[in-house]
Amino acid sequence: MKKTILTLLAVLLTLTASAQGAKDLFTVNRTNGSSTDYSLSDYDRITYVDNKQYIHKKGQTSRIGTSIDNIESVVFTIEHQSDVSDVTLADNAATDEAKRLYKYLKLNYGVKTISSVIADVNWNNTLAEDIYAHTGKYPAMNCYDFIHIMSSGSGSWINYEDITPVTTWADAGGLVSLMWHFNVPVSQGSSDVTARPSETTFKASNALVSDTWENKWYYEQMDKVISVLKKLQDAGIAATWRPFHEAAGNATAKQQASWTKAWFWWGADGADTYKKLWISMYDYFREKGVHNLIWVWTSQNYNGDATQYNNDDNWYPGDGYVDIIARDLYGYTAAQNEQEFRELTARYPHKLITLGECGINSNNNAAFSEVADFWNAGARWSWFMPWYGTSMPSYSWWSNAFSQSFVITRDQVKLNATYVEESAASAVKNMRLAWNLGNTLEAVRTDEYFNPKTPADYETCWGQPVTKPELMAFLKKEGFNAVRVPVTWWPHLDDNNNIDEAWMDRVQEVVDYVISQGMYCILNVHHDTGSGPATQHWLRADINNFDQMNARFQKIWTQIATRFIGYDQRLLFEGYNEMLDDDNTWTNAKDASSYTAVNQFAQSFVNTVRATGGNNATRNLIVTTYSASYWEGLEPFVVPTDNVSGHLIAEVHSYDPYNWLATAGTWGTEQSQAIATLFSRLNDKFVSKGIPVIIGECGIIGKNDVDVNAIKAKKTEAAKHTADVISQGKVLNIPAFYWMTIIDGDDRSVPQWTIPEMVEAMKKAYYE
């Protein structure tokens, strides 16, 4: 029987290198009604791709031996926990549970949003149960507030020491969020408490001064919260943690008046005291052994009106103390949500951005945007949490939210997931600003003086430094969210077209640098196409030699796709770069059969990747027109058929208008119209038909290139060109991947921008 089961499992499962968890098992259900559980840890050849159930029904696989006739089905139950070795939080001693929760939030960020609800400022699940009773769904996350911690006790009306409400929620699959409306006495010794500075003599600055009554209260209350947090930690529960929220209040108003004050005591003594309070809590919690928290700071941003308010950057405690940025909004439209999200993303591009609180504005009864409306407008909050009472939206609002495919409810939480299926349209919308890691992994030399010994020899042979993870961290922090990694493969193939292991390992390292920052990474086959000797640029739009080239093409892509099969949705594959005919003809092929060849290679690429299965079954794939042109090669291009819907992206390149800097000298209406023509053609061919597009390469080409040595006037005009491409593309959700020069050479090792003027123009065009 054991041998038969092994045969069955070998057919059913995609093999990976993961170890088995103690709770991973498969159940054999026999035709006589009996069942037997087997631990997967006893079968070291059997692993899995994700935390899913695999069910095999009798008779579906012909390779199974005759003894399978006694088996009705085999059910695989996987409870294996995801790896968190790649997760870094502000707290460097964070528990695996905290890292796993953050990894789940990061995995879904921009693809799906997590529904949440406040616990009616109480220690219960009442509102979540009420929403379930009216909609049939639970929110994915419940937020518990420590607002009554000073009244807590076994004989009191509320007892935070009894963590049953939280463990019950977590055991049912729910995510946990915690916050603290930190109440203080209205005066020394009073039993009445408040958080409003106008209602108390409690001074925030004194909370940090030893032997003051404020200091004593501050630490007594923190100790009470710490006691509960450690119980939750011992129970294996991690949570997002949002203390000292909305600190600035109205204090950032440009015109100060009697009403431009902080709303809570923790902001009443200004930004410097506030940051010290935050850091003191952070340090004290860690000192006391609390490590199960993801720290969430709530920005006031502009209160919806940048003309009246400055931002509150100077209230930010710092990256070393914060994991996620939140915003609280009430009565906001979809457009206002998008504005706030965009502004926060521009300020903190390396952080997840979330909607800490939301709901009806109880002051004027203004409704809050429907979730579908703010999401489609571009406000991709990590989660959203309506407030209780008069701010709580209607049950129909909740039902509408739960009906959206991008909204996660409690029954859909998969904390150990490693992949989220994302549509191609969503991916390109989320890419924002993008860049090419040019002249690096695609670099090739064949002269007699080049004697490569390592992958680094190739990587640096065109003058670029070895790529380091710090470069990708820099790009992310500067607001970029996608990197195209061009790779040339032919110098790294043996006679049987097997890719050199050391080269594949190095490519994977660079991909990991990008993915670890939460950015999108495009991996391609690059200078295997292009102009030059056919011994090098072997991948040609040549229908007469298609079969021979395609065999090699398929083998390369099978190896690439298999190596990266377990990567999440932020890794995309691009089939080929700028494919030309055998006469190296640019823009338009010499013969119509070359367009046919490109279409067949595009189809072969999709088929080959899909056949590898796993996450590649729905991974977003990119196909390119002949020579990456949007002119003559555009119309004959046929988007491949796919066995899944909505996972293909079209690509073109644009360095237009050619030589404009030399001929015109300035970026004006005529030049801008050339870009408008580009986007018009792409809209007609692809976008209007529901096919998303990227401009895989863009920049300036002509007699006058723009580099670090260019005069200021040229850089200024080049910045106008780049901003125009970004802003026109944004309208159609077409991201443009700038080719290389904005950060080039040794600047990549610093890292620092080579042409900062152009980058600032790009950021302004996208984020403002």
Side-chain angles (χ1 to χ4, degrees), residues 16-19 21 49-51 78-114 140-141 170 175-178 229 232-233 235-242 282 285-286 289-297 317-326 348-354 380 382-383 408 413-420 422 430 468-477 481 483 508-521 564 566-571 615:
T16 71
S18 302
V49 174
D50 206 342
N51 58 331
I78 306 300
E79 298 184 25
H80 197 62
Q81 292 185 321
S82 58
D83 174 48
V84 293
S85 62
D86 58 341
V87 178
T88 301
L89 293 176
D91 180 0
N92 59 12
T95 63
D96 283 354
E97 289 82 6
K99 292 179 179 179
R100 189 161 291 111
L101 174 57
Y102 181 81
K103 186 168 187 173
Y104 181 70
L105 297 175
K106 187 176 179 180
L107 178 69
N108 284 283
Y109 186 55
V111 183
K112 292 179 180 289
T113 184
I114 294 166
M141 181 186 288
L175 306 178
V176 176
S177 182
L178 301 169
L229 293 175
L232 294 173
Q233 182 169 290
I237 294 174
T240 64
W241 172 240
R242 196 167 66 97
Y282 174 87
F285 277 24
R286 294 181 77 244
V290 175
H291 300 292
N292 60 332
L293 302 179
I294 297 169
W295 289 73
V296 183
W297 177 70
D319 288 349
Y321 303 96
V322 175
D323 297 303
I324 296 175
I325 309 296
Y348 308 102
H350 54 302
K351 299 291 185 182
L352 306 189
I353 309 297
T354 197
R380 301 293 178 93
S382 178
W383 69 82
I408 297 175
V413 171
K414 296 179 180 178
L415 201 55
N416 295 309
T418 59
Y419 178 81
V420 177
E422 179 179 22
N430 286 332
K468 297 180 180 179
E470 290 80 4
L471 172 61
M472 300 309 164
F474 173 78
L475 291 169
K476 180 65 174 182
K477 197 164 186 176
N481 206 40
V483 175
Q508 185 171 6
E509 279 186 331
V510 175
V511 169
D512 286 345
Y513 297 161
V514 181
I515 297 294
S516 67
Q517 294 298 322
M519 294 190 292
Y520 288 86
C521 179
F564 293 96
Y567 278 61
D568 72 25
Q569 69 281 357
R570 288 178 175 83
L571 176 63
N615 294 348

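What you see below is based on every heavy atom in this structure, not just the backbone, and it leaves out hydrogens, waters and symmetry mates.
The aromatic rings of Y321 and Y282 sit perpendicular, their planes meeting at an angle over 60°, well past the 30° parallel limit.
Heavy atoms only, all atoms of each residue included: R100 and L415 are closest at CG-O, 3.7 Å. For the pair Y104 and N108, the tightest heavy-atom approach, listed with the atom from each and the gap, is O-ND2, 2.9 Å. Nearest approach of A140 to V413, heavy atoms of both residues: CB-CG2, 3.7 Å. Listed here is the closest heavy atom pair of M519 and M472: CE-O, 3.5 Å.
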Stepwise side chain to side chain contact (heavy atoms under 4.5 Å, CB included) check, R286 with N92: CA-CA 10 Å; R286 294 181 77 244; N92 59 12; 2.6 Å; yes

Run the side chain to side chain contact (heavy atoms under 4.5 Å, CB included) check on L105 and W383 step by step: do they pass? CA-CA 9 Å; L105 297 175; W383 69 82; 3.9 Å; yes

Show your reasoning for whether side chain to side chain contact (heavy atoms under 4.5 Å, CB included) applies to L107 and Q569. CA-CA 8 Å; L107 178 69; Q569 69 281 357; 3.6 Å; yes

Stepwise, does the side chain to side chain contact (heavy atoms under 4.5 Å, CB included) test hold for L571 with C521? CA-CA 5 Å; L571 176 63; C521 179; 4.1 Å; yes

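The distance from atom CG of L101 to atom OG of S177, rounded to the nearest 0.5 Å, is 9.0 Å. Rounding to the nearest 0.5 angstrom, the gap separating the OG1 atom in T354 from the CD1 atom in I294 is 11.0 Å. The distance from atom CG of N292 to atom CG of L178, rounded to the nearest 0.5 Å, is 8.0 Å. Summarising the geometry, atom CD1 belonging to I324 is positioned 8.5 Å from atom CG belonging to L89; distances are rounded to the nearest 0.5 Å. The distance from the CG atom of L232 to the OG1 atom of T95 is 11.0 Å, given to the nearest 0.5 Å. To the nearest 0.5 Å, the span separating OG1 on T240 from OH on Y102 amounts to 12.5 Å.
D91 has its side chain out of reach of D323: every pair of non-hydrogen atoms, C-beta onward, lies at least 4.5 Å apart. In this structure the side chain of L475 never reaches within 4.5 angstrom of the side chain of Q517, judged on heavy atoms.
Remark: the backbone N or O of D319 is not paired with any side-chain donor or acceptor of Y348 at under 3.5 angstrom. Looking at K106, its side chain never comes within 3.5 Å of a backbone N or O of V87 through a donor-acceptor pair. Under a 3.5 Å cut-off, the side chain of Q81 and the backbone N or O of E97 do not form any donor-acceptor pair. A donor-acceptor pair is defined here as one N or O able to donate and one able to accept, closer than 3.5 Å; no such pair exists between the side chain of D96 and the backbone of V84. Within the 3.5 Å criterion, the main-chain N or O of G289 finds a donor-acceptor partner in the side chain of Q233. Side-chain N or O atoms of K103 include one that pairs as donor or acceptor with a backbone N or O of D83 at under 3.5 Å. Judged by distance alone, with hydrogens and angles left aside, the side-chain atoms of D568 form no donor-acceptor pair with the main-chain N or O of T418 at under 3.5 Å. Remark: the backbone N or O of Y109 is not paired with any side-chain donor or acceptor of R380 at under 3.5 angstrom. Under a 3.5 Å cut-off, the side chain of Y567 and the backbone N or O of I515 do not form any donor-acceptor pair.
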